[in-house]
Amino acid sequence: MELAFTAEEDTFRDEVRTWLAEHVPTDERPPAGVAMREYDLAWQQAQWSGGWAGVAWPTEYGGCGLSLTRQLIWFEEYARTGMRPIDTRFVGESHAGPTLIARASDQQKDAHLSRILQGDVVWCQGFSEPEAGSDLASLRAFAEIDGDELVVTGQKIWTSFADVADWQELLVRTNRDVPKHKGITWVICDMHSPGVDVRPIRTMDGHTDFAEVFYDEVRIPVANVVGDIDGGWSVAMSTLSFERGTAFTVHQVQLASVVEELIEMARERTDRRGRPLIDDDELARDLAQARADVAALQAMTYLGVSRNLGREMPGPEGSMLKLHWSELSKRIRRLAMDVIGTASLAKSGVDGRWVQQYLLSFSDTIAGGASEIQRNIIAERLLGLPR
Ligand SMILES: Cc1cc2nc3c(=O)[nH]c(=O)nc-3n(C[C@H](O)[C@H](O)[C@H](O)COP(=O)(O)OP(=O)(O)OC[C@H]3O[C@@H](n4cnc5c(N)ncnc54)[C@H](O)[C@@H]3O)c2cc1C
């Protein structure tokens with residue numbers, strides 16, 4: 001096995017690093033609303049103009065179609081810039097777009113894919129409902145079929161960036177008379193349609209990144225159904241396999257630089273007696289453990305990306321990666337609180353970002369499917385244990 005990069009790959013890394021250094025936005029990202037949307041889309045437009053949009057997307061859909069190694073180099077360099085791995089572009093680029101590539105009609109692909117990469121539109125995901133999260137197939141938002149339209153009434157919850165989205169990957173029930181997995185439809189919903197009502201939810205980190213969405217007889221053309229009416233469960237499984245299998249690659253890579261930053265801080269900062277924090281054996285041991293854990297995560301990420309190469313869709317092993325990354329992320333963000341000490345009591349100030357990230361990290365083991373659900377998938381689909 002050759003783990004070193006080739007000279008061409010090193011040159012490619014230099015090219016990526018230089019481009020990112022020259023183009024990554026330097027002004028602060030607005031925390032909410034239209035200004036935040038404009039900021040994220042301007043960054044997407046810059047990547048499109050520079051030829052760096054959709055590094056993992058095939059070239060026939062406007063992506064870069066990079067090889068496995070080059071994708072990883074891009075993700076590593078992107079992570080080094082410190083840019084947020086999740087912003088309003090996340091759903092479009094990471095799982096709605098890939099689902100359309102894998103499952104949509106040519107007409108649907110033509111209508112949507114290039115607009116995602118060009119930074120024209122924001123997508124959101126309308127899967128979860130108050131009574132249907134882990135048990136997604138219990139969803140109740142209902143669509144009546146009226147001629148060539150679906151008429152949707154119901155509610156979704158935890159819809160990230162719904163308040164600034166143009167389009168939504170929406171799951172609705174179209175048949176109540178069949179087993180629950182068999183009466184669901186995956187449809188593209190225009191978020192500007194009459195009858196869509198978005199109500200933002202404030203989280204403990206103070207932001208309103210997600211929302212409840214209510215649908216009151218919202219009319220959606222049948223032509224927006226991806227796959228078949230009542231056949232949406234298998235399309236939803238494609239979406240979730242992208243969400244769990246590949247969407248968090250930048251996060252995984254970024255965690256390594258977070259640990260290195262913490263180690264550096266522990267060397268530079270001192271305790272009340274003036275000793276470097278790193279001299280505390282317990283903290284040093286925890287940091288060393290974190291460094292070993294992210295090295296294991298990195299190896300798993302390489303393996304995951306490599307396995308997915310040449311497959312139409314990521315396999316269930318993505319759940320191992322999602323589980324390991326999210327649990328580790330929470331531990332490392334907690335460790336950061338030990339390094340910053342009493343500054344962890346405030347969300348503002350020099351160390352405010354560490355506190356924000358700590359509060360945000362609680363969502364890592366819930367979003368995209370809770371840890372218990374990932375463990376169930378690993379048990380049943382990878383280890384073959386009984387249900
Ligand atoms: C930051 C964030 C962003 C999100 N963005 C979106 C979005 O954009 N669109 C969207 O549709 N959804 C989104 N979600 C919702 C997310 O998908 C759900 O929160 C998640 O699937 C869990 O569902 P739930 O909240 O209903 O919890 P529940 O399903 O009610 O689970 C509650 C607890 O019970 C456990 N549990 C449930 N069933 C089992 C079981 N069978 N075995 C063992 N334990 C079980 C769970 O693991 C969890 O600990 C987001 C969530 C977060 C945190």
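Atoms within each ligand, like the ligands themselves, are counted from 1 in listed order. Fair warning: this is a prediction, and the values are worked out from it, not measured in the lab.
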Checking contacts here: is it the side chain or the backbone of Ile366 that comes within 4.0 Å of ligand 1, counting heavy atoms only? Could be both or neither.
both
Ser371-ligand 1 polar pair, N/O distance under 3.5 Å:
no
Ionic contact status for Lys322 with Glu243, cut-off 4.0 Å:
no
Is the shortest distance from a Lys or Arg side-chain nitrogen in Arg13 or Glu8 to a carboxylate oxygen in the other one below 4.0 Å?
no
Phe127 to ligand 1: N or O pair under 3.5 Å?
yes
Could you tell me whether some N/O pair between Glu372 and ligand 1 is separated by less than 3.5 angstrom?
yes
Is Arg29 paired with Asp40 through a side-chain N to carboxylate O contact shorter than 4.0 Å?
yes
Which one holds for Thr203 and ligand 1: side chain close, backbone close, both close, or neither close, with close meaning a heavy atom under 4.0 Å?
neither
Per-atom contact, atom 34 (O) of ligand 1, protein heavy atoms, under 4.0 angstrom:
no
N/O to N/O below 3.5 Å, does that happen between Asn376 and ligand 1?
yes
Ignoring hydrogens and angles, state whether a donor on the side chain of Ser361 or Arg334 is under 3.5 Å from an acceptor on the partner side chain.
no
Ligand 1-proximal atoms of Phe210, by part, heavy-atom distance under 4.0 Å:
side chain
What do you think, any protein heavy atom under 4.0 angstrom from atom 10 (C) of ligand 1?
yes
We want to know whether Thr365 and Ser326 form a side-chain donor-acceptor pair, criterion being a heavy-atom distance below 3.5 angstrom.
no
Is there a protein heavy atom less than 4.0 Å away from atom 30 (O) of ligand 1?
no
I'd like to check whether Asp135 has a polar contact with ligand 1, where a contact means an N/O of the residue lying under 3.5 Å from an N/O of the ligand.
no
